Amino acid sequence: MNPRLELLTAYPFERLARLKAGIAPPANLPHIAMSIGEPKHAPPAFVIETLRQNLGKLDSYPATVGLPETRAACAAWLERRFAVRVSAESMVLPVNGTREALFSFVQAMVGNAGGAHASNDRALVAMPNPFYQIYEGAALLAGAEPYFIDTTATTRFQPDLDAVPADVWKRCQVLFLCSPGNPTGAVLSLDFLRQALNLAERYDFVIASDECYAELYRDENSPPPSLLQAALAGGHDRFQRCVVFHSLSKRSSVPGLRSGFVAGDPALLKAYLLYRTYHGCAMPVPTQLASIAAWNDDAHAAANRALYREKFARVLPILEPVLDVVEPDGGFYLWPDVQRNDEDFTRELFAMQNLTILPGSYLARDSRGGNPGRRRVRISLVAPVDECVAAAQRIRKFLEKN
Ligand SMILES: Cc1ncc(COP(=O)(O)O)c(C=O)c1O
């Protein structure tokens with residue numbers, strides 16, 4: 001058995017199930033789940049229809065590199081969305097959702113030359129804290145040391161890159177960024193991304209920029225930028241050391257389709273494609289054809305974004321008098337400071353209101369300043385508008401009584 005498996009922390013939802021075990025919430029209230037980040041809006045009918053019409057194409061093995069048409073649709077979307085032009089042949093690869101790609105990318109990139117390593121030269125993978133748990137698991141299973149860069153209210157929920165010591169950057173092989181951030185909703189500016197790129201050049205590491213919430217943002221006139229734009233602005237038209245991760249799960253509310261893509265540095269993608277070929281994770285052709293339809297259409301993504309905005313507009317006025325909530329720049333989470341133990345808060349809210357949220361400490365790790373998720377909770381606005389409003393009313397009632 002791979003001994004590194006023992007290094008993995010139980011997934012947040014397993015810990016949540018344990019936290020709720022044995023509690024009997026009021027039976028007269030229907031349960032509302034605001035813990036999971038799974039989009040619940042109706043998927044676009046034309047995407048489902050395209051999938052249905054192409055099911056006959058399951059009769060052949062797909063190529064790992066994907067259909068040229070799939071890569072072209074992803075490249076065209078990048079150009080419309082971010083005004084960056086990438087080569088569909090050498091700078092784009094389809095992936096079965098960003099989750100598997102974030103994981104496998106690290107396996108392909110991290111090298112611990114020679115095998116046995118003293119801790120002072122062991123490979124290191126840096127990531128924001130709190131973070132999407134796959135980053136940590138990917139680092140550990142690749143034999144690297146995860147390094148957590150806190151993102152707190154003090155740092156405006158951005159990783160403070162200046163606070164990271166030079167000896168950490170020297171060992172860093174991959175830096176994860178996430179913008180808009182899960183769970184904080186913070187968007188990293190072009191200036192921030194340029195600073196990260198300068199460090200990547202200076203210390204020779206790769207940046208894996210998780211941009212899977214890039215289509216969900218507050219201000220229609222200010223969409224979150226991509227790392228690829230920062231690279232281009234710095235004169236790196238071959239996106240050296242940059243790989244971005246995009247997904248249809250949130251953009252098109254099709255988390256079950258398992259469809260995304262990676263784009264960026266062609267030298268890195270060539271190595272990653274080789275890895276993927278052996279890993280065996282080609283995207284089925286019907287999925288690719290449905291994905292092309294989804295990437296080619298921006299109207300449904302705008303309508304989807306508008307639905308999330310409506311939820312924030314309806315929910316925030318209910319919560320503001322009792323909770324320190326702000327509308328995030330992107331994504332679909334609230335990340336309030338609940339001024340008390342986040343596990344107790346979550347458990348009691350469930351016990352009294354039959355409403356499930358996620359303790360913030362499950363999404364972060366202890367680092368220099370303690371666990372930055374402590375005393376915060378993640379509230380996911382994925383349910384239909386009316387359900388989100390009902391949930392906000394229950395949270396308010398709970399807080400008024402407690
Ligand atoms: C930050 C972040 N990255 C990646 C993913 C994975 O998304 P998918 O694999 O559906 O593209 C999620 C899903 O919740 C996420 O929150």
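Small disclaimer: the values here were computed from a predicted structure and weren't measured. As the structure lists them, so they are numbered: ligands from 1, and atoms in each ligand from 1.
Considering only residues two or more places apart in sequence or on other chains, R258 meets the side chain to side chain donor-acceptor pair (under 3.5 Å) condition with none of them.
Regarding atom 10 (O) of ligand 1, its nearest protein heavy-atom neighbour is S249 OG, 2.6 Å. Protein heavy atom in closest approach to atom 2 (C) of ligand 1: D210 OD2, 3.3 Å.
In this structure, R171 contributes its side chain and R122 its backbone to a donor-acceptor pair below 3.5 Å. The closest donor-acceptor contact from the side chain of D210 to the backbone of C212 lies under 3.5 Å. When atom types are taken as modelled, the side chain of D297 and the backbone of H300 share a donor-acceptor pair closer than 3.5 angstrom.
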Test side chain to side chain donor-acceptor pair (under 3.5 Å) applied to D162 and Q195, step by step:
CA-CA 9 Å; D162 289 329; Q195 184 200 357; 3.0 Å; yes

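Geometrically, R378 does not engage F13 in a cation-pi contact, judged by NZ or CZ lying under 6.0 Å from the ring centre and within 45° of the ring axis.
Near G97, the atoms of ligand 1 lying under 4.0 angstrom from a non-hydrogen atom of the residue are 9 (O), 11 (O). Atoms of ligand 1 found under 4.0 Å from any heavy atom of N182 (numbered from 1 in listed order, with element): 1 (C), 15 (C), 16 (O). Residue C178 has at least one heavy-atom neighbour below 4.0 Å for each of these atoms of ligand 1: 1 (C). Under a 4.0 Å criterion applied to the non-hydrogen atoms of L102, ligand 1 contributes the atoms 3 (N), 4 (C).
Note on ligand 1: Y213 sits in its first shell, one or more heavy atoms being nearer than 4.0 Å. In this structure, G260 does not count as a contact residue of ligand 1, since none of its heavy atoms falls inside 4.0 Å of the ligand.
At a threshold of 4.0 Å, the pair D342-R376 does not count as salt-bridged, since none of the basic side-chain nitrogens sits closer than that to a carboxylate oxygen.
Checking F245, Y132, F332, Y135 against atom 12 (C) of ligand 1, the nearest heavy atom belongs to Y132. The option with the heavy atom closest to atom 14 (O) of ligand 1, from among R258, Q133, K250, is K250. With atom 8 (P) of ligand 1 as the reference point, the heavy atom nearest to it among T98, L257, I36 is part of T98.
Within the 6.0 Å centre-distance limit, the rings of Y213 and F332 are counted as a close aromatic pair.
For the pair S247 and ligand 1, the shortest N or O to N or O distance falls below 3.5 Å.
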